[in-house]
Amino acid sequence: QVQLVESGGGLMQAGASLRLSCAASGRTFSSYAMGWFRQAPGKEREFVAAISRNGGITSYADSVKGRFTISRGDAKNTVYLQMNSLKPEETAVYYCAASPKFYSGTLYSMYDYWGQGTQVTVSS
């Protein structure tokens with residue numbers, strides 16, 4: 001089992017950059033594929049980015065391609081989400097998730113473990 005704790009959220013102006021972190025504890029971090037999802041008020045949780053167990057495969061939602069980057073630092077048991085050119089419509093709670101599969105892609109049902117989330121608010 002793995003425990004996940006997100007950090008780095010906050011209140012930002014449109015166009016700003018922000019890096020989210022997700023620290024993992026428990027089983028070996030490198031055994032998990034990781035993903036980031038977000039949920040805005042009144043909306044369903046949606047996929048943002050995913051990375052494979054070895055970091056060799058990444059994928060992004062179309063809406064964030066070219067602006068967001070997911071990466072992992074296995075030595076620090078942490079996965080990151082670098083977010084650039086933030087937009088007000090990206091205001092949401094951002095969650096990281098872990099899966100024991102090599103790569104779990106875009107479906108939140110493919111992930112077994114979830115953090116509590118970190119709030120990102122982007123003002124116009």
Could you give me the CA-CA distance, side-chain angles and deciding distance for F47 and L107, then say whether side-chain contact (heavy atoms from CB on, under 4.5 Å) is met?
CA-CA 7 Å; F47 169 75; L107 298 178; over 6 Å; no
Given side chains that start at C-beta, do those of [X] and [Y] come closer than 4.5 Å, heavy atoms only?
X	Y	value
V48	F68	yes
E89	T91	no
M34	L4	yes
V79	W36	yes
V2	F29	no

Least distance between heavy atoms, L81 atom then A49 atom
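Where L81 meets A49 most closely, the heavy atoms are CD1-CB, 4.1 Å.
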Which heavy-atom pair separates S52 from N54 by the least distance, and what is that distance?
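Of all heavy-atom pairs spanning S52 and N54, the closest is OG-OD1, 2.9 Å.
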For the side chain of [X] and the backbone of [Y], is there at least one donor-acceptor N/O pair under 3.5 Å apart?
X	Y	answer
T118	G9	yes
Y111	G105	yes
E6	Q116	yes
Y94	Q39	no
S123	M12	yes
S99	K101	yes
R53	A33	no

Please assess R38 against V120 for the test side-chain contact (heavy atoms from CB on, under 4.5 Å), listing each intermediate value before the final yes or no.
CA-CA 9 Å; R38 65 189 179 191; V120 174; over 6 Å; no
Distance from [X] atom [atom1] to [Y] atom [atom2], nearest 0.5 Å?
X	Y	atom1	atom2	result
S124	K87	OG	NZ	14.0 Å
S104	D112	OG	CG	7.5 Å
C96	I51	SG	CD1	12.5 Å

For residues V93 and M83: do they belong to one hydrophobic cluster (side chain heavy atoms under 4.5 Å, members Ile, Leu, Val, Met, Phe, Trp, Tyr)?
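No.
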If we count only N and O atoms by modelled type, under 3.5 Å, do the side chains of [X] and [Y] hold a donor and an acceptor together?
X	Y	value
N84	S17	yes
Y80	R19	no
Y103	S59	yes

Is there any side chain to side chain donor-acceptor pair (under 3.5 Å) pair reaching into residues 66-79, and which pairs are they, with sequence neighbours excluded?
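The answer is R67-E90, R72-D74.
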Does R45 qualify as a cation-pi partner of Y95, given the criterion of NZ or CZ under 6.0 Å from the six-membered ring centre and within 45 degrees of its axis?
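Here R45 passes the 6.0 Å and 45° test against Y95.
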Distance flag, aromatic centroids of F37 and W114, threshold under 6.0 Å
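Ring-ring flag for W114/F37: true, centres closer than 6.0 Å.
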Above 12 or not: heavy atoms from other molecules or residues under 6.0 Å from OH of Y113?
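Yes, enclosed.
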